[in-house]
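Read the structure below first, then the notes.
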Amino acid sequence: MELRYTDEQRAFRREAREWLEANVPSGPLPSFDTAEGARLHREWEAKLNAGGWAMVPWPVEFGGRGADLFEWLIFEEEYYRAGAPKRINQNGIFLLGPTIMEFGTKQQKARFLPKMASSEEVWAQGWSEPNAGSDMANIQATALRDGGHYIVNGQKTWASRGAFADWLFGMFRSDPDSERHRGLSFILVPLNLPGITVRPIPQLDGLPGFAEVFFDDVRVPAENRLGEEGAGWRVAMATAGFERGLMLRSPARFQHTAQRLVSLCRAHRELVGEALQDEVARCWIGAEAYALETYRTVSKLLAGGKIGSESSLNKVFWSELDLRMHELALQILGECGPASENAAAAEWLDGYLFALSGPIYAGTNEIQRNIIAERILGMPR
Amino acid sequence: MELRYTDEQRAFRREAREWLEANVPSGPLPSFDTAEGARLHREWEAKLNAGGWAMVPWPVEFGGRGADLFEWLIFEEEYYRAGAPKRINQNGIFLLGPTIMEFGTKQQKARFLPKMASSEEVWAQGWSEPNAGSDMANIQATALRDGGHYIVNGQKTWASRGAFADWLFGMFRSDPDSERHRGLSFILVPLNLPGITVRPIPQLDGLPGFAEVFFDDVRVPAENRLGEEGAGWRVAMATAGFERGLMLRSPARFQHTAQRLVSLCRAHRELVGEALQDEVARCWIGAEAYALETYRTVSKLLAGGKIGSESSLNKVFWSELDLRMHELALQILGECGPASENAAAAEWLDGYLFALSGPIYAGTNEIQRNIIAERILGMPR
Amino acid sequence: MDFRSAEEHLLLQQSLRDFLAGEFPPAKLRALWAGEAQRGGALWAALAELGVCGMLIAEEHGGLGLDLVAAANMLEEAGRAALAEPLASAIVAAPLLAELGGALAEEWLPQIAAGRAVVAVGHPLFAAVEDADCAQLLLLPGAQFALHAVPRAAAQCESLPSSDPSRFLAKVSFDSDAHPPLAEGARARALWDAVLLRGALTCAAQAIGVCEQLLQMSVAYTSERRQFGKPVGSFQALKHKLADVKLKLEYARPLVQRAAHSLAQQAEHPQCGVHISMAKLLACEAAEFAARQALQCHGAIGYTWEQDLHIWMRRAWSLAQSWGSARFHLSRVREPLLGGAFPIGPATTFATGETT
Amino acid sequence: MDFRSAEEHLLLQQSLRDFLAGEFPPAKLRALWAGEAQRGGALWAALAELGVCGMLIAEEHGGLGLDLVAAANMLEEAGRAALAEPLASAIVAAPLLAELGGALAEEWLPQIAAGRAVVAVGHPLFAAVEDADCAQLLLLPGAQFALHAVPRAAAQCESLPSSDPSRFLAKVSFDSDAHPPLAEGARARALWDAVLLRGALTCAAQAIGVCEQLLQMSVAYTSERRQFGKPVGSFQALKHKLADVKLKLEYARPLVQRAAHSLAQQAEHPQCGVHISMAKLLACEAAEFAARQALQCHGAIGYTWEQDLHIWMRRAWSLAQSWGSARFHLSRVREPLLGGAFPIGPATTFATGETT
């Protein structure tokens with residue numbers, strides 16, 4: 001056990017810190033779920049990419065800098081420390097990107113990854129359908145082969161970033177006689193094709209964070225299929241693993257929130273009382289525990305280990321921690337009088353609304369607890 | 001809504017208080033799960049009965065004083081206020097007694113109720129079998145008709161008070177070809193019959209609070225069957241309702257515990273900190289809520305209403321409140337140094353061990369939550 | 001001793017419930033949010049017609065002359081319907097005006113009862129005043145807890161953001177020289193104390209209705225929504241979540257009823273303030289808990305602006321923060337309880353001296 | 001940066017695990033409870049043989065010369081097996097004796113390593129001393145935090161009841177004139193501070209093992225026990241309970257490992273005390289939570305004296321109260337955290353000055 005950074009890791013941190021301090025926009029950008037915000041976030045991603053910081057663990061040829069997972073954690077720590085913008089293309093860089101690395105052809109990698117890293121192409125995910133939410137295998141939308149194309153019909157919903165994205169990935173039933181997990185194909189669809197209708201869905205905060213996407217005889221080139229025809233479930237399971245996994249939910253985000261919560265509590269300590277202070281301390285401990293567990297996991301991965309169902313532990317832990325931190329912040333603010341008197345209040349309320357989605361998306365926490373019980377603990381189905 | 005007692009109710013309270021103050025033993029009796037304790041508890045019950053206070057809501061002819069449910073609540077409040085002993089015959093007076101009132105013949109009432117009220121005959125319950133716990137319908141023990149008798153074979157377990165009781169009640173399969181809820185009969189068995197073996201089971205506190213009871217060709221007179229042959233499930237469901245219901249779990253016990261917890265917290269207030277104090281206050285509120293809800297229920301019952309599945313709400317609420325209060329008490333004591341320095345510590349630890357059984361017996365709280373969801377809320381099975 | 005609601009109160013409650021179910025569907029609330037409709041309009045007049053606006057006002061002033069026990073029943077329905085009209089303010093204001101008496105009471109009580117005026121009430125402990133936007137008269141705290149009556153036109157209102165767009169909160173200032181106090185010193189403090197208790201009770205009673213509505217929506221949705229070939233409500237994890245909501249609801253309800261009863265008969269109940277705080281705490285926590293569980297039971301659909309669930313989620317959040325937070329009310333129980341300010345234990349629940 | 005346990009520590013841990021699984025079944029513990037066997041006997045000697053008693057003791061004194069990171073792994077096994085031998089005391093005592101040095105260290109360290117002596121350690125903050133019953137030497141606090149070494153024969157021990165009959169607690173008194181202090185003032189305080197941290201770490205590490213054992217027993221029982229025609233472990237309510245145990249366990253474990261590492265390298269880690277308190281708090285809470293869920297998963301059978309479950313339930317309760325309660329350790333995090341005593345946020349987890 002060696003809990004000190006190497007000289008190289010410290011040098012990497014310094015470099016990231018210097019670049020970010022020089023380049024991060026001062027003040028927050030508008031939400032990327034607005035037209036203006038989407039434009040500004042794409043601008044930021046372009047700058048990040050130009051600096052070589054868009055996706056540090058990716059190979060250089062795809063827009064990365066070939067960093068290892070420890071450097072990725074370090075980069076994320078610096079990114080949140082600098083207060084840099086949220087990643088508009090997270091569906092691409094954190095979910096689809098690693099999936100293409102694993103399942104894509106050489107051509108697909110070259111075609112998609114660099115423009116993903118630069119956010120020239122922003123991705124929406126098309127996981128859910130009206131009757132396929134937690135039950136992901138109940139997919140009805142079809143993609144039927146017609147020579148060099150698939151003819152896509154049906155509907156996806158809760159497509160996050162759907163309103164302002166360029167592309168969508170998702171599973172479609174390519175064998176019309178198949179059921180459940182079989183006969184599905186994983187297909188990448190440009191959202192500007194004829195026959196596609198995108199209906200943005202406003203979220204709790206009023207902004208169109210997701211969309212319904214309707215497909216009416218949409219012709220998609222067959223080379224946009226990722227993995228074998230009919231093997232879409234396996235590809236999607238890998239993507240879902242990335243969704244719950246390490247890259248998307250590195251600890252820095254939660255440590256940053258915990259830090260803001262502690263600052264808020266410090267500022268109002270006399271109003272707050274010991275019971276709330278205790279809960280704040282527990283949240284900070286939770287964020288630390290999450291960081292430590294991640295470093296432990298990365299240590300294992302770099303030594304050749306794998307993570308599988310353990311990502312379900314992560315997903316439940318961070319989503320409930322994140323929600324708890326925002327609840328506490330609102331409670332503390334509630335002790336300080338009306339919201340307008342505190343500039344942070346609106347930000348915490350927005351964050352709370354976002355945090356409420358944590359236990360739902362990427363597989364509800366009920367599903368994750370089933371996975372923990374059945375696959376990790378080995379309890380009977 | 002009228003939340004004042006009538007003059008009659010106040011007079012009843014005064015009478016109960018005076019009698020109890022004059023007669024309650026000073027200092028606690030040994031546990032009724034010891035031979036000596038059982039003897040002393042029977043003595044106390046005899047005295048209570050002689051005073052006419054053994055089972056106040058029962059008709060006078062069966063050893064009661066014909067009180068209504070409000071008077072029962074008042075009596076219980078005074079009983080706990082006076083620090084009177086636990087009721088050794090609770091399986092009889094609170095569970096079987098009301099069942100006999102509802103299902104018993106005239107002869108059975110006359111035969112069993114008065115000796116139950118006086119605790120001349122102490123009852124064990126024989127709900128569970130090794131493979132019929134939460135799944136109460138999976139009963140294997142048989143009672144096969146042979147002229148004027150049943151021949152009883154099989155095993156009961158977790159028979160509370162089994163070690164020192166005189167009689168046991170339980171369900172037996174009287175139709176050997178039946179399954180699940182059908183073909184069961186509810187039978188009252190004297191524990192001194194030939195062929196019965198009682199093996200006491202020590203509980204967490206080391207005392208034999210329950211027992212295994214083995215039946216080997218035991219001949220039980222047919223008149224000991226309660227209700228129709230084959231209709232035992234319906235009888236038992238009524239008994240189980242009483243087990244979760246009002247009589248057994250009147251609020252006074254939990255208010256008494258809450259009061260002791262508050263006193264403990266007051267005595268160590270400086271050591272305890274605000275967070276624990278808050279939790280203590282919440283427990284007291286919980287005990288008050290339980291009392292108020294009980295008064296509300298009794299108001300409805302006396303106006304002709306019925307309670308059914310609502311008793312599942314009671315069961316979950318009091319068992320979790322009781323456990324929480326004991327946990328908090330142990331936490332407070334933990335702040336005060338080693339246990340021996342506080343005379344109350346042993347009592348709280350014993351109480352904690354007892355409270356731990358609350359969410360398990362009388363139908364686990366998981367089963368009760370299913371009942372709440374399915375029968376009260378109407379959620380799908 | 002009888003802990004049942006009076007038959008006539010239950011009938012009134014049912015008629016309000018039916019009325020609101022018909023006249024105040026979520027679409028009307030959304031029109032209000034969108035600025036396409038105003039509060040205090042036709043719906044408010046219709047509520048006055050039903051007697052709801054003046055339920056606490058004496059019959060001589062055109063009211064129904066009911067007490068707070070009945071008002072709690074009615075407010076439950078306001079919560080269930082997510083009513084956005086200034087009903088809680090009417091409940092808080094009327095007894096205060098009656099207590100102040102004189103020309104002020106003679107002028108305003110009949111107007112409240114008739115649905116022609118809204119009187120909003122502030123409090124020295126809280127910066128936000130509810131319903132100042134649509135009020136004609138404001139009863140406000142000044143220096144040293146003094147109580148001032150200020151016409152709306154003479155006050156400066158700065159609107160405050162609210163997690164619930166149906167509840168209008170403002171920070172209000174006024175010129176105290178131009179509006180000399182109606183009450184000062186100990187009398188004013190006593191009046192403010194009573195205002196706080198009534199305000200907290202209105203939140204508690206509404207929270208019960210909000211909680212019931214959230215629970216009912218969740219049961220309905222999980223019974224209908226199918227995944228893995230069966231209704232999601234057949235999964236034990238969701239059953240137990242909603243069973244827990246039901247538990248919190250059913251044990252909060254009698255606390256609220258008792259609090260209303262104690263406040264209605266304050267002279268007999270020295271622990272009235274404790275009763276109110278217990279009720280406010282548990283009822284609002286039940287509603288907040290219901291909001292959390294309801295969202296989880298609904299999944300992504302509950303996370304959309306278009307689904308109505310968040311109407312009640314927001315109400316739950318907002319009621320919890322109004323007229324004192326959980327921490328505020330818990331401390332108002334904890335301190336007298338641990339300070340030994342009143343007897344506790346078996347036989348004390350309803351004791352007000354007669355048995356000791 | 002590498003957060004994995006060293007290969008050789010894992011091998012040692014596995015061998016201790018195998019040894020205890022073979023040599024210390026619950027029947028042996030029950031014999032101890034029944035007074036039919038004594039601690040510090042053949043098993044203790046066998047543990048010494050394995051090097052376990054002297055793992056923190058330098059090789060020159062017959063020990064293995066390992067550090068606390070390795071010791072934490074070993075103590076996990078003590079928890080898993082519900083070991084009743086005075087292993088934690090050996091871990092607490094050895095570095096204290098080494099620090100005190102001189103003839104005392106020369107005399108006692110080799111004896112501990114060889115399993116021939118037990119040295120029990122008290123603390124000024126806590127009245128109970130563990131393992132005083134089988135110790136030959138006691139290191140005890142006197143007036144003004146002074147530190148005294150007292151032979152067992154010269155001390156009066158009054159046994160204290162314990163929720164766990166496997167852990168022997170006593171209140172100890174002695175004549176401080178007859179046993180003048182070995183350390184006083186600031187030095188003594190620093191020694192006691194270090195003792196507290198080691199004591200808390202021994203509890204945290206054992207709690208991890210206890211939690212794992214309770215979880216494993218619960219998974220095994222619920223997979224086997226059938227009701228309603230299927231294993232009870234197939235019901236979602238029990239699955240989610242045990243999933244929650246697993247969550248608490250897996251996020252407590254790295255806290256314990258980091259705490260051990262920080263304490264082993266205390267000079268580099270000014271927040272070592274905070275690290276220890278975080279670990280103690282969460283590991284013991286995980287074990288207590290596991291105890292509660294395990295009992296509920298077992299039902300009535302778990303409530304019997306004859307079933308072994310309560311062996312670990314009692315250990316969980318007892319560890320939580322030893323070397324500082326949850327409240328004690330939480331306050332030791334809360335105060336410096338909210339007092340701004342150290343930097344927090346992203347990039348600070350492992351920072352000890354080098355990146356700023």
Side-chain angles (χ1 to χ4, degrees), chain A residues 1-6 9-10 13-14 17 70 74 76-81 251-253 255-256 258-259 262 265-266 269 274 277-278 280-282 284-286 288-293 295-300 302-303 310 313 316-317 366 368-370 372-374 376-381, chain D residues 1-6 9 69 215-216 218-219 222-223 230-234 236 238-247 250-255 257-258 260-262 264-265 268 275 277-278 281-282 327 330-331 333-335 337-340 344-352 354-355:
Chain A
M1 192 171 293
E2 171 54 83
L3 302 186
R4 276 171 299 205
Y5 295 106
T6 62
Q9 287 165 342
R10 280 184 280 179
R13 183 188 294 281
R14 271 194 304 274
R17 185 171 295 188
F70 277 130
I74 291 167
E76 284 276 284
E77 288 166 359
E78 294 303 321
Y79 193 87
Y80 279 94
R81 184 180 180 279
R253 173 176 144 202
Q255 293 187 291
H256 182 61
Q259 181 181 21
V262 168
C265 185
R266 275 182 196 152
R269 198 165 174 189
E274 192 186 284
Q277 291 174 27
D278 277 351
V280 168
R282 283 181 178 280
W284 175 74
I285 294 173
E288 283 286 289
Y290 188 68
L292 294 170
E293 175 61 13
Y295 271 83
R296 205 167 74 106
T297 303
V298 167
S299 300
K300 280 194 282 186
L302 290 181
E310 296 91 326
L313 290 165
V316 174
F317 192 86
E366 287 75 32
Q368 302 309 322
R369 285 189 163 88
N370 286 352
I372 293 167
E374 291 166 10
I376 302 180
L377 298 180
M379 292 176 77
R381 282 183 179 267
Chain D
M1 178 65 62
D2 187 356
F3 208 131
R4 292 174 305 148
S5 293
H9 295 171
V69 177
L215 180 57
Q216 193 223 303
S218 302
V219 169
T222 56
S223 298
K230 46 186 173 176
V232 296
S234 64
Q236 213 177 19
L238 298 193
K239 280 185 186 171
H240 288 198
K241 279 184 169 51
L242 296 184
D244 283 337
V245 173
K246 181 70 174 171
L247 276 160
E250 288 308 317
Y251 289 92
R253 190 197 306 277
L255 287 173
Q257 294 179 333
R258 199 261 300 259
H261 187 271
S262 296
Q265 311 193 343
E268 280 185 55
H275 294 174
S277 283
M278 290 158 75
L281 177 70
L282 264 71
R327 182 175 128 69
L330 183 52
S331 73
V333 179
R334 184 190 65 225
E335 292 306 311
L337 176 70
L338 295 178
I344 61 169
T348 61
T349 312
F350 299 104
T352 51
E354 81 263 40
T355 59

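So you know, we letter chains A, B, ... as the sequences are listed, proteins then strands, and number each from 1.
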field: With sequence neighbours excluded, residues passing side-chain contact (heavy atoms from CB on, under 4.5 Å) with D:Ser331
entry: D:Arg334

When D:His9, D:Gln265, D:Lys241, D:Gln257 are compared by non-hydrogen pairs under 4.5 Å with chain A, the top option: D:Gln257

- line: chain D shares the most heavy-atom pairs under 4.5 Å, among A:His256, A:Arg81, A:Gln277, with A:Gln277

query: If you count heavy-atom pairs under 4.5 Å between each of D:Leu282, D:Leu337, D:Val69, D:Leu255 and chain A, which one has the most?
result: D:Leu337

task: Output the option from A:Glu293, A:Glu374, A:Arg296 having the highest count of non-hydrogen pairs under 4.5 Å with chain D.
output: A:Arg296

field: Between D:Gln236, D:Arg258, D:His240, the one whose heavy-atom pairs under 4.5 Å with chain A are most numerous
entry: D:His240

- prompt: Highest number of heavy-atom pairs under 4.5 Å with chain A: which of D:Glu250, D:Met278, D:His261?
  reply: D:His261

- request: Assess the side chains of A:Glu310 and A:Thr297: does a donor N or O sit below 3.5 Å from an acceptor N or O?
  value: no

query: Between A:Ala289 and D:Tyr251, which heavy-atom pair has the shortest distance, and what is it?
result: CB-O, 3.4 Å

Chain D interface, residue from A:Leu313, A:Ile376, A:Ile372 that has the most non-hydrogen pairs under 4.5 Å: A:Leu313

task: Give a yes or no on whether the backbone of A:Arg13 and the side-chain of A:Glu78 come within a donor-acceptor separation of less than 3.5 Å.
output: no

message: My understanding is that only residues two or more places apart in sequence, or in another chain, count here; which of them pass ring-ring contact (aromatic ring centres under 6.0 Å, His included) with D:Phe3?
response: none

task: Heavy-atom distances under 4.5 Å only: say whether A:Tyr290 touches chain D with side chain, backbone, both or neither.
output: both

